[in-house]
J.: 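Okay, here's the structure, questions in a sec.
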Amino acid sequence: MSASPSTNDFILQVEHLSMKFGGLIAIGDLSFQARRGEITALIGPNGAGKTTVFNCITGFYKPSEGMITLNRIDGSSYLLERLPNHEIPARAKVARTFQNIRLFSGMTLLENLLVAQHNKLMKASGYTMLGLFGFSSYRKASAESIDLAKHWLEKANLVDRADDPAGDLPYGAQRRLEIARAMCTGPELLCLDEPAAGLNPKESAALNELLMDIKNSTSILLIEHDMSVVMQISDHVVVLEYGRKISDGSPQSVRTDPRVIAAYLGVDDEEVETVLIEVGDEDVIEQLDTGPDAAHGPGTSSSFLAGPVTDTIGHSEGERVTVSKGASKAEQVDAKANAAPRKPAERATAKPTGSTPKPRGGRK
Amino acid sequence: MAVTVSPERDVVATPVQRAFREAFYAGAIALGLFVLFIGLRTDQNISNELILVQRWGLLAIVVILTAVGRFLYVAFGQPALERAKAQKAEAPAAAAPGFVRRNFNTIGIAVLFLYPIVIVMLVGFQGSLKWVDNFGIQILIYVMLAWGLNIVIGLAGLLDLGYVAFYAVGAYAYALLGTHFGLSFWILLPAAGLMAAFWGVMLGFPVLRLRGDYLAIVTLAFGEIIRLVLINWREVTNGSAGISGIPKVSFFGLMSFNVSDPNYISKVLGIAQSGAYYKIFLYYLILLLCLLTAFVTIRLRRLPVGRAWEALREDEIACRSLGINTTTTKLTAFATGAMFGGFAGSFFAARQGFVSPESFVFLESAIILAIVVLGGMGSLGGIAVAALVMIGGTEILRELDFLKVVFGPDFTPELYRMLLFGMAMVIVMLWKPRGFVGSREPTAFLKERRAVSGSFTKEGHG
Amino acid sequence: MQYFVQQLINGLTLGSIYGLIAIGYTMVYGIIGMINFAHGDIFMVGAFTALIVFLILGALFYSVPVVIALLIMMIVAMLLTSLYNWTIEKVAYRPLRGSFRLAPLITAIGMSIALSNFVQVTQGPRNKPIPPLVSKVYTVEGVSVSLKQIIIVLVTVVLLALFWYLVNKTSLGRAQRACEQDRKMAALLGVDVDRTISITFIMGAALAAVAGTLFLMYYGVVVFSDGFVPGVKAFTAAVLGGIGSLPGAVLGGLLIGFIESMWSAYFSIDYKDVAAFSILAIVLIFLPSGILGRPEVEKV
């Protein structure tokens, strides 16, 4: 298969993907693209079908319909829905992590990373035969694989624990190890299923750092609930609800999309208009407030989807609060703000003036 | 009888009071269990009708023994065990392992190599027969089988209850090809291994998708199918009568162990005739085969395929997400394990000179499995110790003729062999649920090699 | 046709016995997720108990009506066999609950070896034949149905109905089903898990004891090693039907019974077990969780 140069900008193209479980349509006619070298985030409320999309991309499910094309940097492209499960990482170079971490808990960190280099080492060991008789070619490959493992252990800040069993690590470190392990397969596209879930702010910051580092060499597709992560590190956001795409674009455009807001806040259909108006001017106000102030940074401005939202919601008297994204994250958002790319946030600053700040509240 | 008592009651009663009550319960339960089976015995009279023989005295003895045993355990045994446990918990990390522990493997291998020599020096060539054959060779065969099965269960985490089938394939391969075509052991040993490996793949294919107990029953069924075919395919296998006259192994074609051959060993070397030479030769042969198994296992663990086996045991889905072809990985595990079973089988046929389906019943699979689990899955040293304890223990029971003096001439200790074997399996497992060696040796390290505690390793769901 | 119907009846009889034993496997598996390998030997103990009770009755009374004798044999066998299974669970399985999965499997195999050898040691290794209890045979249009077969099928049906009621309509059954779903949660909601598991073992053993009694009545002979083959067949039946599923166990038992009698009748009696095992393997290739088993969803 060959691909035209234009499609090669997109590392992943999902076209008309549908996945049905019996009568349940988990994904319906979903199309989106992920650009090479970018972080693409897949967000949506619980049960929106994000993990199902992942499972289709990584071959754990065979989609009912649709096409998933992966374009490798060398120009070759693969139809992922046709590849057997294990060939997707091996040939199409797509690696993934899992929502509920799946480490080889009884093996050491180093061994975990060595298992990830299985196919390469298998070849080097002459499919076991050369290795069994101790040929030097395998020994060299083996030493190289340990070096690569060490490289990723250092990146993940785990090198001190290399000889401990993976099951012994704290939660955040297990997440980083799982990402390091996926990276050891040498992927071109890394799929992360909620990498920040259950992490404390410090661990979350360490994770962001790791991801920004990985982004230099590998495109990332990300499922995430933690909007501070999504808004800060992703270049492109796709929003799903009930298995359908409801929004697609830059983080900035997505977070102001009324349908997204409705999906997250659970607004009735008739109320979408109202919310649109409310949020529309809300957004403008906020941009004005914080946009020009560089010292303040985009952190606090990252809209209602991001961290500091509860601060504002707290003020809304008489209204029911449905979103509580944890004010404790505000600090963390601030801390990371300088490191994060600011382009999307700054783009929207040149909007007309509005009235006085008005507390934002989600209505149900 | 480990009748557990709820903690609330523990507080109220003193240990001795509690022990009395427990002893009473245990006695009552024992009475219920044994009243018909020990109190009465079914026997045939002269006209071949079943009659009952009463044995109330024996019943009373057994019940009282149970009650007293339970009393002693609850009153003294349990508190002592708890104290020991508390002390162990208080004590800081165990001191550096002793000399024997550190050099366990070297010492073990040295002892195994010297064993026949020491035996011959102690009891002479004729006297050594029993010790080398019944203890040495017998135990080493099980060590090899258990090490082979360890690859499937201990490393890859695939529960195989029909391992004896590969043993049978190896044995019959040598028996049939050796008797019909007169091929030498040294050609047939690898052939038998390959054939068993082939059957391992044959078994592997249908069970690839199965997990846990489904896998267990299909492997068990596979073992039974092979055995039933061996029994019923009389034209080839001679049915349950078995195949006899299987040729002996030659000393690499240089010397023979057949008295009638011109190059019989005692003629070549000019020493006295004795059957012991063959046994000693076989001993070293199986010892080398065992060491080959161990060497290959250790090597494979450090190769990608071995790591993939262990990873498969830990998490199959993660394996697939890393590009590991789980199908071929499982099949290689089945094939490699089966191959060693086949080697052991052809050795067994050569040693016995006779094979019949009797030798390949499910019980053998169960014994091999028990050795693997009791030893500690994945640990070669632990498994060898388990084989020594379990097989050596039951072999010793054959030798306890002096008990006849105690229990009267009718007493046959051999009868109790399997009963005690079964009970020992239960007791050892309760005592050490993870086996003798519960920890796992990592296959690679950056700074230092530290054993991984058994609580982290998984046992696979295959 | 007559021949076929005859085989159908034979298969039904055999299948009933397998089904009764298979329920014990499937229940234990459902509730604690382990293969109770000793269950086949529990069945054998049941048959032996019935044999000894039969001999006691013969020694004590000049003549006892067959129905009453069978009933007494069955009840005593159920009681004593339950005691065996209860004790085994307490001694060999309970301490290992929640530990390493293979550990209880090994103790179960150990218990199986110990039980059969215990019976061998205490009762001798020889076959134990008894005179036929019921010998009446009815012939309808060339198909002969013995009273034994009718009794077996009847007893099985009655027991299954009773059993179905217990599991589906009583609080005990609810507790069992709760423990099956989630043992920890059931305990948190006040279900006495230990007791429920004990009762499960008792129920399984009672059914196995009935199967043992029927087996003794049908074949008129029992030997210490009789636990293994019916045990493995019943286990096969449980897996074939979908282990953990009660109707599956009965269905699997009947299927294995039919396969065996048909294969013996039309092909070769030597290979009937090979046929049963091969069909198990073939079915599992296409239905990896048995016929009625819930497919194991691979949650990623």
Side-chain angles (χ1 to χ4, degrees), chain B residues 1-4 29 32-38 40-44 48-52 153 159 206-207 209-214 216-218 220-222 224-225 228-229 231-232 317 362-363 366 369-370 373-374 377 415-419 421-426 429-430 433-434 454 459, chain C residues 29 35 48-49 51-53 55-56 59 80 83-84 87 90-92 94-96 99-103 105-107 109-115 117-124 126 128-130 228 232 235-236 239 243 270-271 273-274 277-278 280-282 284-285 288-290 296 298 300:
Chain B
M1 242 143 273
V3 180
T4 41
I29 291 168
L33 290 178
F34 300 143
V35 62
L36 290 188
F37 282 85
I38 294 181
L40 295 167
R41 180 188 166 92
T42 49
D43 235 335
Q44 259 110 335
N48 230 356
E49 285 165 337
L50 279 184
I51 50 156
L52 288 172
I153 293 190
L159 180 53
V207 303
R209 285 171 66 203
L210 303 180
R211 298 172 156 233
D213 305 284
Y214 293 96
I217 184 66
V218 175
L220 192 162
F222 176 76
E224 285 296 294
I225 288 175
L228 291 167
V229 169
I231 291 178
N232 292 312
I317 287 175
F362 169 72
L363 183 67
L369 172 69
V373 179
L374 293 177
M377 299 214 308
L415 255 183
Y416 294 84
R417 204 164 66 96
M418 289 319 289
L419 176 63
F421 183 86
M423 281 161 58
M425 266 167 86
V426 176
M429 217 63 250
L430 291 176
R434 286 221 160 236
E459 50 200 310
Chain C
Y29 183 84
I35 309 172
F48 244 98
T49 311
L51 171 87
I52 296 174
V53 173
L55 292 177
I56 293 174
L80 281 188
L83 185 64
Y84 268 92
T87 314
K90 278 220 151 164
V91 174
R94 185 166 299 179
L96 292 171
S99 92
F100 196 51
R101 184 174 60 98
L102 280 178
L105 179 72
I106 298 297
T107 54
I109 293 176
M111 269 299 167
S112 159
I113 295 174
L115 262 186
N117 282 279
F118 164 73
V119 174
Q120 184 193 10
V121 165
T122 56
Q123 298 297 325
R126 292 219 261 160
K128 307 282 174 182
I130 57 164
F228 179 69
V232 169
F235 181 26
T236 308
V239 173
I243 198 156
D270 288 342
Y271 286 99
D273 292 356
V274 175
F277 290 137
S278 308
L280 169 83
I282 292 164
L284 288 185
I285 290 170
S289 6
E296 205 177 306
E298 198 175 44
V300 184

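First the proteins, then the strands, lettered A, B, ... as listed; each starts at 1.
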J.: Can you give me the closest heavy-atom contact between C:Gln123 and B:Leu36, atom names plus distance?
T.: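 That would be NE2-O, 3.7 Å.
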
J.: Taking the side chain as everything from C-beta on, heavy atoms only, tell me whether B:Leu228 gets closer than 4.5 Å to C:Tyr271.
T.: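 The answer is no; the side chains never approach within 4.5 Å.
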
J.: Heavy-atom cut-off 4.5 Å, strictly under: side chain, backbone, both or neither for C:Ser278 against chain B?
T.: both

J.: Would you name the heavy atoms of C:Ala103 and B:Pro433 that are closest together and state the gap between them?
T.: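 Nearest pair, atom of C:Ala103 first, then B:Pro433: CB-O, 3.8 Å.
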
J.: Side chain, backbone, both or neither: which part of B:Phe222 has a non-hydrogen atom closer than 4.5 Å to chain C?
T.: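 For B:Phe222, there is no contact with chain C at all, as no heavy atom is under 4.5 Å.
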
J.: Between C:Ile130, C:Leu280, C:Ile243, which residue shows the highest count of heavy-atom pairs closer than 4.5 Å to chain B?
T.: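 Heavy-atom pairs under 4.5 Å are most numerous for C:Ile243.
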
J.: Set out, in order, the CA-CA distance, both residues' side-chain angles and the distance that settles side-chain contact (heavy atoms from CB on, under 4.5 Å) for C:Phe118 and B:Ile38, then state yes or no.
T.: CA-CA 10 Å; C:Phe118 164 73; B:Ile38 294 181; 4.1 Å; yes

J.: Are the side chain of C:Asp270 and the backbone of B:Asn232 linked by a donor-acceptor contact shorter than 3.5 Å?
T.: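 Not a single qualifying donor-acceptor pair exists.
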
J.: For the candidates C:Pro129, C:Gly290, C:Ala59, which exhibits the highest count of non-hydrogen atom pairs separated by less than 4.5 Å from chain B?
T.: C:Pro129

J.: Quick check on B:Ile231 against chain C: is it the side chain, the backbone, both or neither that has a heavy atom closer than 4.5 Å?
T.: neither

J.: Supply the atom-to-atom distance B:Ile29 CD1 to C:Leu83 CG, rounded to the nearest 0.5 angstrom.
T.: 6.5 Å

J.: Which heavy atom in B:Leu419 sits nearest to a heavy atom in C:Ala114, and how many Å separate them?
T.: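 Taking B:Leu419 first and C:Ala114 second, the nearest heavy atoms are CD1-O, 3.1 Å.
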
J.: For residues C:Leu96 and B:Met429, report the shortest heavy-atom separation together with the two atoms involved.
T.: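 Smallest heavy-atom distance, with atoms named: CD2-O, 3.8 Å.
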
J.: Quick one: are C:Leu105 and B:Val373 in side-chain contact, heavy atoms under 4.5 Å?
T.: no

J.: So what's closer than 4.5 Å to chain C heavy atoms on B:Leu52: side chain, backbone, both or neither?
T.: side chain

J.: Please report the shortest heavy-atom distance between C:Val232 and B:Ile217, naming the atom on each side.
T.: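 Between these two residues, the closest heavy atoms are O-CD1, 4.5 Å.
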
J.: Kindly compute the distance separating CG (C:Asn117) from OH (B:Tyr416), expressed to the nearest 0.5 Å.
T.: 11.0 Å

J.: Roughly how far, to the nearest 0.5 Å, is the CG atom of C:Leu115 from the CE atom of B:Met423?
T.: 11.0 Å

J.: For B:Ala424, is it the side chain, the backbone, both, or neither that has a heavy atom closer than 4.5 Å to a heavy atom of chain C?
T.: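 Neither part.
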
J.: Within the structure provided, determine whether C:Phe228 and B:Leu363 are in side-chain contact (heavy-atom separation under 4.5 Å).
T.: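 No, side chains not in contact.
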
J.: Measure across B:Met377 and C:Leu102 and return the closest heavy-atom pair with its distance rounded to 0.1 Å.
T.: SD-CD1, 3.4 Å

J.: Is chain B contacted by the side chain of C:Leu51, its backbone, both, or neither, given a heavy-atom distance below 4.5 Å?
T.: side chain

